[in-house]
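As C-alpha cells, the structure follows; a few thoughts come after it.
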2 protein chains.
Amino acid sequence: MATIRDVSRLAGVSVATVSRTLTKPDKVSQKTREKVNVAIKETNYKPDILARNFRTRKSSTVVVLVPDIANPFFSRVIRGIEQTAQKLGYAVLLGDTQGLREREITYAKMVDTSQAEGIIQLDCHIPFEDQENITAPVVNACDCVRGIEIPSVQIDNISAAKEMTEHLLSLGHKNIAVISGPEQSTITQDRLFGHINSLNDAGITFKTENVAYGDYSIQSGAKAAEKLLNISPSPTAIFCMNDEMAIGAIHYAKKKRLSVPDDISISGFDNISFAEYSDPPLTTISQPAEEFGSFAMSMLFDVMKGNELEEKYKLLPFELIKRKSTGINNHD
Amino acid sequence: MATIRDVSRLAGVSVATVSRTLTKPDKVSQKTREKVNVAIKETNYKPDILARNFRTRKSSTVVVLVPDIANPFFSRVIRGIEQTAQKLGYAVLLGDTQGLREREITYAKMVDTSQAEGIIQLDCHIPFEDQENITAPVVNACDCVRGIEIPSVQIDNISAAKEMTEHLLSLGHKNIAVISGPEQSTITQDRLFGHINSLNDAGITFKTENVAYGDYSIQSGAKAAEKLLNISPSPTAIFCMNDEMAIGAIHYAKKKRLSVPDDISISGFDNISFAEYSDPPLTTISQPAEEFGSFAMSMLFDVMKGNELEEKYKLLPFELIKRKSTGINNHD
DNA sequence: ATAAAAAATGTAATCAATTACATTTTAATT
DNA sequence: AATTAAAATGTAATTGATTACATTTTTTAT
C-alpha cells in the first residue's frame with residue numbers, strides 16, 4: 001500500500017504538500033496540486049484513515065445505543081441518524097444494547113478510548129458508570145432522561161397522549177385501558193401522565209388496574225390485552241403505547257371474537273408502516289422517526305464541535321392519525 | 001487523559017511492560033502486573049484505541065452494507081451480526097446504502113483506508129469499482145452474487161420456493177401468481193426458478209403475465225396485487241417473495257372484498273414477527289435471520305484471519321410455516 | 001554453587017499521517 | 001528596482017501505542 005511518502009517522492013514535493021493537497025487544497029498552488037493528484041493516481045494512494053484519526057485525535061465516528069435494532073421504529077430512527085451522519089462526515093457504529101446497562105456502558109466507553117466522538121442514546125438511561133459526571137458528548141433521541149442535562153429530541157409525549165385520550169373520550173369511551181411501555185421509561189411515564197390528565201379534565205377517575213405493562217413486543221401486547229379484557233367492567237377502548245402492542249391487542253380481541261372497533265377501540269403509537277395495513281387500520285400517533293435520528297445527529301454534531309445548541313430539549317411535531325381501529329362507544 | 005507513559009512512570013516500569021500487562025498479561029510477573037494495575041486505576045488510564053489500531057494496523061471493525069435498515073428482516077440479520085461481532089471483538093459500522101451502488105462503494109472503500117477490516121454485504125452486488133478484482137474480505141448474507149467467488153450464507157431459495165409452490169399446488173391451485181422482488185436480485189431469480197420448476201413438475205405451464213415485480217414494500221405488494229387480481233382468469237393464489245408484500249396483497253384483496261384464503265390464497269416469505277399476527281396469519285417461509293447475521297460474521301472473521309472456510313457457500317435451513325392465509329382452492 | 005535456560009523487563013524504533021514553524025517563492029506596492 | 005507582504009513549500013516533531021531486540025532477573029538442572 002502506497003503511503004504519503006511514496007506520493008511525495010513521485011511528485012517531487014514534500015509530504016506536507018501532499019497532505020495539504022488532500023486536506024486543504026486551497027493552500028496549494030494549482031500546478032503542484034495537479035502534480036500531486038497525478039502521483040496519487042499513479043500510486044493508487046489511499047490516505048490511511050487510521051493514521052489520520054490517530055494524529056488528529058478524531059475518529060469521525062459516533063456510536064448509537066439502541067435497545068433493539070429489530071424494532072421498526074428504532075430502525076427508522078437509525079436510518080435518519082445514518083443519513084445525516086454521512087452528510088456530516090461521520091460513520092455510525094451500531095450498539096445494540098438489548099436495554100442492558102452493562103452493554104450501554106461498554107459502548108459508551110468507546111468515547112473514552114477515542115474510538116467514537118459522541119453517543120446517541122435511544123433509551124432512557126445514562127450510559128455511564130458515574131451518572132453525575134457526564135463527560136462524553138451525548139444526546140437522547142425519542143426517549144430521554146428526566147432531570148439530567150442531556151440534550152434530547154422527542155415529541156411532546158404528554159400532549160400526544162392527551163390528544164389520543166381526548167380522541168377516545170370524544171368517541172364516548174369512559175372506561176379506557178392502557179397498554180403501557182416499561183414502567184421506568186420516561187416516555188411511558190409522560191404518556192401515562194398525559195392520559196390521566198385528560199381523564200381528569202373529563203371528570204373521569206383513572207383506575208390503576210386499567211394499566212398493563214408490556215415490552216413493546218406484539219406478544220406482550222396480546223398478553224396485556226388478555227389481562228385487560230378479562231376484568232369487569234371491561235374497558236371499551238385500549239390506548240397502546242406502540243403499534244406492535246396494539247397489533248397484538250387487536251389480535252387477542254379478534255381471538256376473543258370482539259369486533260374492533262365495534263366492541264373495542266384500540267389505538268397505537270408510532271405509525272409504523274404496518275399500522276396502515278393492519279386490519280382494521282390502526283389509529284395511532286405518527287412520530288417523525290427519521291427526523292428524530294437526523295435531528296439527534298445534528299445536535300450531537302454541535303455538541304461535539306462545542307457549538308451552542310439552539311434548543312437543548314427539542315420537541316418535534318407529532319400527528320394523530322385517525323383510522324378504523326377506533327370508533328364510537330356503543331356499549332354504554 | 002493519561003497515557004501509557006503516565007502509567008509506566010507511576011508504576012515504575014517501562015511502557016513496554018504496561019502494554020504487555022494490558023495485551024498479554026501472562027508475559028508479566030504477577031507482582032508487576034499488580035503494580036501496573038494499581039497505577040492504571042490511579043491514573044484512570046484508558047488505552048487509546050486509535051493509537052493501538054494505528055500501530056497494529058487493525059481497526060477491529062467491520063462494515064455492513066444493507067439496502068434498507070428499516071426492513072424488519074434486515075434489521076434482524078444485523079442484530080445477529082452485531083451479537084457475534086461483539087463476541088469476536090469487532091465493532092459494526094452501519095452502511096445503509098439504499099441499494100445504491102455508489103454508496104456501497106463508498107462504504108466498501110473503508111477497507112482500503114483501513115477504517116474497516118471486512119465487509120458484510122446484504123445485497124446482491126459487488127461493492128467494488130473493479131468487479132473482477134476483489135481484494136477486501138467480504139461475505140454475502142441472505143442474497144448473493146452468482147458466479148463470483150464471494151463466500152455467502154443463505155437458504156436454498158430454489159427449494160424454498162419449490163416447497164411453497166408445492167404447498168399451493170397441493171391445495172389445488174393451478175393458476176398461481178407471483179409477487180416477486182426486484183428482477184435483478186439473485187434470490188428473486190432463484191425463487192422464481194424454483195417456482196417454475198414446481199409448476200413444470202406438476203404439468204402446469206408458467207405464465208409470465210402472472211408475475212409482478214415489487215420492491216419488498218407493503219405498498220408495492222398492494223400495487224402488484226392490484227395488477228394480478230385484475231387479469232382474467234384471476235389467479236387463485238399469490239406467492240409473494242416477502243411478508244410485507246404479502247401483507248400489502250392481503251390488504252388489496254380485502255379491499256376488493258375477496259376473502260383470504262377462501263377466494264385467494266396468499267403466501268409470504270421471511271416470517272417476520274408481523275406474519276403471525278396478520279389477518280389471516282400468513283403462510284410463509286421462515287428464514288433464520290439472526291443466524292444469517294451471526295454466521296456471516298463468523299465467516300467474515302475466518303476470511304479476515306486467513307482461515308480456511310469449512311463451507312464457502314453455506315446454506316441454512318428454512319421452514320415452511322403453514323398458517324391461515326393459504327387454503328383449498330374452491331374456484332375451479 | 002554454578003552454568004544454562006527461561007522468564008521478565010527495558011530501550012528505542014516504528015506505524016502514516018498532520019502541522020507548527022522555518023524557509024523560499026511569488027505578488028503587490030512604492 | 002527595491003521593499004514588503006502574502007502565498008507556497010519544506011523540515012521535522014508529534015500523536016500513543018506496540019514490539020523486535022537487548023538486557024537483566026529468576027528458575028532449573030547439574
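Predicted model only: the values in this text are computed from it and were never measured. Within every chain, numbering begins at 1; the chains are lettered A, B, ... in the order of the sequence lines, protein sequences first and strands thereafter.
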Indicate, with a heavy-atom threshold strictly under 4.0 Å, whether [X] touches base, sugar-phosphate, or nothing.
X     : value
A:K24 : sugar-phosphate
B:T3  : sugar-phosphate
A:V28 : sugar-phosphate
B:V18 : nothing
A:S29 : sugar-phosphate

Query raised in the report: Where do B:K314 and B:E311 land on the salt bridge (charged side-chain N to carboxylate O under 4.0 Å, His left out) test, with the steps shown first?
Result: CA-CA 6 Å; B:K314 177 74 181 182; B:E311 282 178 273; 3.1 Å; yes
Out of [options], which has the shortest distance to the side chain of [X]?
X     : options                : answer
A:T32 : D:dT9, C:dT19, C:dA12  : D:dT9
A:F54 : D:dA17, C:dA16, C:dT18 : C:dA16
A:R55 : D:dA12, D:dA13, C:dT11 : D:dA13

Requested in this report: Determine the interplanar angle of the A:F301 and A:Y90 rings, folded into 0 to 90°, and report it as parallel if under 30°, tilted if 30 to 60°, perpendicular if over 60°.
Outcome: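 Geometry flag for A:Y90 against A:F301: perpendicular rings.
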**Report entry** Toward the 5' end of DNA chain C, by each residue's nearest nucleotide, A:A2 or B:S14
**Finding:**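 The residue whose closest nucleotide sits nearer the 5' end is B:S14.
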**Report entry** Check against salt bridge (charged side-chain N to carboxylate O under 4.0 Å, His left out), B:D6 and B:R9
**Finding:** CA-CA 5 Å; B:D6 301 319; B:R9 213 173 297 129; 3.4 Å; yes
